[in-house]
Amino acid sequence: MKLEFPKDFWWGAATSGPQSEGRFNKQHANMFDYWYEVEPEAFYKQVGPDTTSNFYNSFKEDIRLMKEIGLNSVRTSIQWTRLIDDLETGTLNEDGVRFYNEVIDEFIANGIRPVMNLHHFDLPVELYHKYGGWENKRVGELFANFAEQCFKLFSDRVTDWFTFNEPMVIVEGEYLMQFHYPKIVDGPKAVQVAYNLVLASAKAIQKFREVNTNPKGRIGTILNLTPPYPATDSPEDKKASHIANLWLNRLFMDSAVHGELPEELAALFDSEGVLWESTPEELAIIKENVIDVLGINFYHPHRVERPEFSSNSLAIDWLPTKFWKDYDMPGRRMNHDKGWEIYPKAVYDIGMDIKENYNNIEWFMSENGMGVSREERWMNADGVIEDDYRISFIQEHLYWLHKVIEDGSNCFGYHLWTPIDCWSWANAYRNRYGFISNNIHTQIKTIKKSGYWFKGVADTNTMELTIHVEGAENFKPVTSL
Ligand code: FCB
């Protein structure tokens, strides 16, 4: 079966500044740079952010490889810690400006649309030490000023901007689940940080509306959607799933697209005594500065069941303890290397949810992918990794993406995480995701089989489906999460 995609579809891949550039010449440490300085053993094989994939030095060759595999668009991010010298007054770092100008020009010269994100978990650590990071609204203001600098410098050539990557991961990683520095566990702080991130994104969008002069310019945000599926049809499991959805997905989706924080969630937090602090002026900024375009990162669904009994308030217990429980569905398909469930049909459910509940806003799949360890296992005699599992994974996700586009969802692109194997936070280089492999000792980069395959898809704007797609035969649309 041949699947044809809409005209001008984005065929691309995503990376980020902190995961690809390397720390070379940066003025400031971000949260991860600092964490690695103080606790290197927290990182897989003690490989830290200073030895990432060398994009700072090799961007020309790297972009040439991206072109060779047919990418027509690539997302990366501008590092606040590289572009700005004085974080309070926003003075520019000359080398930072030079670097991003050259990167943007190089992408364009190679026929690749540069898609720019402004925050990818890389808060300057000084702002954490001075203000408590995102706990403090002042940091959101400084972020909006940094964003303004980026728009002024680059929006003559960059038309597609995104404020944050996966804000919920900042909240969970830093304030609830301890996988990002400072590894705090504090429900009320997490709620305030979530609100402050919503506000910071709206303030950056406000700046964009003020200073962008490019008529093609548009701005959005990148959200990781983990669609919840209740373990059973029982009212208890459904209620648990509903609350999980309010917090994990709807908080950022509703505020980004509709300019409103979900009332039901606010009421629940209020009754638990943990509601965020907001002012009418701030809520007006959120209402007025909604996004033009949405990026969705999708890796895995979220299976949910009713919680085990708990009478504590949210100030002591957190939501999953009090209102839901993660459900390990028997028989689910897993990517065991990363520990994430593989459930491609969720792409259809996400697309329908956007169509029906979010004004059918224009969106693209901004990340999707498969992290696999020890990929040299599949290296052939020519040094090419034969990652057929990745090709099948992408095919299945694209099958459902195509189907939901056919059913009217307004999706304009697909980006894999990631073009060239890059550094993954605490996991460092344990799992590889790229179309292009990277030997981190020699920095030799080699296109994988999936890279050659993707070029065929991108060049023809069609995908030949060569695998069985689970659930495709007796498919019945689920129209609402
Ligand atoms: C996502 C992040 C990205 C990368 C992938 C594997 O959650 O956005 O930076 O680490 O996971």
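Keep in mind that what you see is a predicted model, and the values were worked out from it rather than measured. Atoms within a ligand are numbered from 1 in the order they appear, just like the ligands themselves.
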| Lys/Arg N to Asp/Glu carboxylate O, Arg332 vs Glu341, below 4.0 Å | yes

- prompt: Looking only at atom types and distance, does a side-chain atom of Ser53 sit under 3.5 Å from a main-chain N or O of Phe55, one as donor and one as acceptor?
  reply: no

Sequence neighbours left out, cut at 3.5 Å: what donor-acceptor pairs do the side chains of residues 168-178 make with other protein atoms?
| from | atom 1 | to | atom 2 | distance (Å) |
| --- | --- | --- | --- | --- |
| Tyr175 | OH | Glu135 | OE2 | 2.7 |
| Gln178 | NE2 | Lys183 | O | 3.1 |

| query | Is the shortest side-chain N to carboxylate O distance from Glu362 to Arg218 below 4.0 Å? | reply | yes

Any protein N or O within less than 3.5 Å of an N or O in ligand 1? List each pair with its distance, or say none.
| from | atom 1 | to | atom 2 | distance (Å) |
| --- | --- | --- | --- | --- |
| ligand 1 | 7 (O) | Glu166 | OE1 | 2.6 |
| ligand 1 | 7 (O) | Glu166 | OE2 | 3.0 |
| ligand 1 | 8 (O) | His120 | NE2 | 3.4 |
| ligand 1 | 8 (O) | Asn165 | ND2 | 2.9 |
| ligand 1 | 8 (O) | Glu166 | OE1 | 3.2 |
| ligand 1 | 8 (O) | Glu166 | OE2 | 3.4 |
| ligand 1 | 8 (O) | Glu367 | OE1 | 3.1 |
| ligand 1 | 8 (O) | Glu367 | OE2 | 3.1 |
| ligand 1 | 9 (O) | Gln19 | OE1 | 2.9 |
| ligand 1 | 9 (O) | Gln19 | NE2 | 3.4 |
| ligand 1 | 9 (O) | His120 | NE2 | 2.8 |
| ligand 1 | 9 (O) | Trp425 | NE1 | 3.2 |
| ligand 1 | 10 (O) | Gln19 | NE2 | 3.3 |
| ligand 1 | 10 (O) | Trp425 | NE1 | 3.0 |

- [ ] Look only at the side chain of Ser201 and the backbone of Leu197, and say whether a donor-acceptor pair between them is shorter than 3.5 Å.
- [x] no

Looking at Glu21 and Lys26, does any basic side-chain N land under 4.0 Å from a carboxylate oxygen? no

